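Working notes, structure below.
So you know, we letter chains A, B, ... as the sequences are listed, proteins then strands, and number each from 1. All values reported here derive from a predicted model rather than from experimental measurement.
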Amino acid sequence: MAQVEIKFPDDSTKPFDVGTTGLEIAKSISPRLAKVALAIEINGQVCDLGHAVTQDASVRIFTFDDVEGRQVFWHSCSHIMAQAVQELFPGTKLAIGPSIEEGWYYDFDVEKPFSPEDLGKIEKRMKEIIAENAPFRCESMNRDDAIKHYRDKSETYKVELIEDLKDETVSFYYHSRFEDLCLGPHVPSTGVVKAFKLISSSGAYWRGDEHRPMLQRIYGVAYPKKNLLDDYLKRLEEAKKRDHRVIGKQLELFHFSDEVGAGLVLWMPRGARIRQIIEDYWRQQHLDNDYDIVFTPHIAKQELWDQSGHTGFYAENMYKPIDIDGRKFQLKPMNCPFHMQMYKSRLWSYRDLPLRWAELGTVYRYERPGVLHGLMRVRGFTQDDAHHFVARDRIDEELSWTLDFCIHMLRSFGFDSYDIYLSTRPEKAIGDDADWDKAEGALRTALKKAGLPFEVDPGEGVFYGPKIDIKIKDSIGRSWQCSTIQFDFSLPERFDLHYTDRDGERRRPYMVHRALLGSIERFFGVLIEHYAGNFPLWLAPVQVAVLPISDDLNDYCGRVVKRLKEAGLRAEIDDRSEKIGAKIRAAEIMKTPYMFVVGAREAEADSVSVRKHGTGDIGVKTIDEALASLQAEVASKGLE
RNA sequence: GCCGACGUAACUCAGUUGGUAGAGUAGCUGAUUUGUAAUCAGCCUGUCCUCGGUUCGAUUCCGGGCGUCGGCUCCA
């Protein structure tokens, strides 16, 4: 029999008979691998395990440990779920059912939205389908036949999907009594799914377009072993415990009130203290790095926003103007127009540039009710905004510098893992191609120079310029959009900005718009979730709880608090007539980093018994020792 | 905005198949003076989100609004 040569990822090769399937190849490596194999990559293409190899090829076997394997696994689950739904709710039309980062979803067009009980029924039917251990099988169909096939079944979404496909033939996957238009690949059979759970259902627009029908989406997760599902559910629980809305309440950091209005943050004293520390640090860093800090008003004449173009392209996020003496004034959704006006207040020379103006500017934006979310998405927030006015020949180094400064700031707060995106020219854009090319090139160069890996988001730039978005990753791997560095061709043009260059010519400056933390509100929310409320010492609202064991030690403890405060530390005494255990508990619950327990022994020796949050008793220290070590910890910001 | 769920004391939640409500925590008062995550006792707390409708009577049923949650969409 003819043979083919199969090459494995370790570069070893082995001959096989022509027509050998992926599963057989896996078996030849080890029976164990064959048991957990989900798919095979043949010359770069992920295929079913049943796929036969007909020519020399390099292959990789995918299991649940590989992203590709998981995708295949979850995608197969979406088919199983779709079968269950169609059997339980006859007449349901299928839309799409892809795998996602953790699990899958499938969108259905059903008469009535799914209830939680429905999900239970669907799970039950899915278990039956899994128990069948029905094999997945693939068949091709001529494109026109497939369209006719789905027309006859009134599967209008599938018809639309096929109509958008260019290929002459399309593939269908079959298992049990179910068929679905699908590129595949799939797991060998339904039985490989050992544990799954349907997480939630919700509305979702067909193809994400709010002008098209609303479908019902069901999300699910699944694993090849039950303990993996349990782990996932545990992780969900953990994430829930980190929820900044929950912690914000427990630690009395911030508050929302119906009476005040949705999406409007009330910063409670403890949260405000943290904010102040963040802002103080931010200010100092800016002053130390050639920024000037400015302040601008909260409202301005509508004409200013006409000139900036916001009333045109940003109208849907702006509140209605208010009437003042017959003139319309607009609550600000952005700070930029003010900085433009400030730039125009005098003439600038190339010697003055780059000019860097930073402002903690509070802006108000209309957000649709359904999108508000704790501190992460609000209607009034403070941007750590800045605008750089840059001479045309200095743009490369300015962007590079900005990026470095940005990363430096993020690192200071304990974030050293990022997802970075470079967004390029969208279809509708102002400015000429040469400018765009130059700007995109400059951003790209800055990223490369900084050695930061990034992805290009083609066409995702703002109409006024390309941008770099930086998402920070928190301690449990979720990413959050914070920093943005944006090129702006529009505003210097609209406000007719210029500077006098060294040759005496008036030139238009380039403008960079940047936010590092993004919104102080959101950044605070991210910090809370990142640290699960256990703030590093420099940020903790109360750094030390001084706990007298009995009332007669209150005076001594009062003096300890005073000394700590004089040394710049935030300390509080708990002088309630409670037992020490209760005081410790109260401080632990508030996640206070240090507790100084004080009894008669400590008071006599000018010392305290130091207890660390989450760790416990770490021994007796003199006040001076304890103070010095805390000050060192504050200075280090808890970073290595 | 759209789909769905939800809204009871400061917090977490129970309850009323329609007859205006309750537990723990917190708070207050008193007793206790305590050695590393809850001392004991007593007391207080509510337009049961809001506005309408049905009803003899609505916190409960129905509808509008507001808000929250999970998504869609959007974004700092």
Taking only residues two or more places apart in sequence or in another chain, which ones pass side-chain contact (heavy atoms from CB on, under 4.5 Å) with A:Q250?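 Partners of A:Q250 under the side-chain contact (heavy atoms from CB on, under 4.5 Å) test: A:V246, A:I247.
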Atom CZ of A:R601 to atom P of B:rU33: distance rounded to whole Å?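 Spelled out: CZ on A:R601 to P on B:rU33 is 19 Å.
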Expected output is a numbered-order residue list: members of [range] with a heavy atom under 4.0 Å from any atom of RNA chain B. What is it?
{"range": "residues 611-621 of chain A", "result": "A:R611, A:D617"}
{"range": "residues 402-418 of chain A", "result": "none"}
{"range": "residues 275-282 of chain A", "result": "none"}
{"range": "residues 95-109 of chain A", "result": "none"}

At under 4.0 Å between heavy atoms, what does A:K249 touch on the DNA or RNA strands: base, sugar-phosphate, or nothing? sugar-phosphate
So, using side-chain hydrogen bond (donor to acceptor under 3.5 Å, both in side chains) as the criterion, who are the partners of [X] when residues are at least two apart?
{"X": "A:R368", "answer": "A:E210"}
{"X": "A:R356", "answer": "A:E398"}
{"X": "A:R212", "answer": "A:E160"}
{"X": "A:Y319", "answer": "none"}

Show every donor-acceptor pair shorter than 3.5 Å between a side-chain atom in residues 518-527 of chain A and any protein atom, with sequence neighbours excluded, or say none if there are none.
unit_1	atom_1	unit_2	atom_2	d
A:S519	OG	A:E521	N	3.2
A:S519	OG	A:R522	N	2.9
A:E521	OE1	A:T382	N	2.9
A:R522	NE	A:M376	O	3.1
A:R522	NH1	A:Q481	O	3.0
A:R522	NH2	A:M376	O	3.1

Let's test this: given Watson-Crick or G-U wobble pairing with both distances under 3.5 Å, identify the partner of B:rG35.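 Its partner: none found.
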Extract from the structure each pairing of a protein N or O with an N or O of nucleotides 40-51 of chain B at less than 3.5 Å, listing the distance.
none

Once each nucleotide of nucleotides 70-76 of chain B is scored for protein heavy atoms under 4.0 Å, what B/S/- sequence comes out, 5' to 3'? BBBBBBB
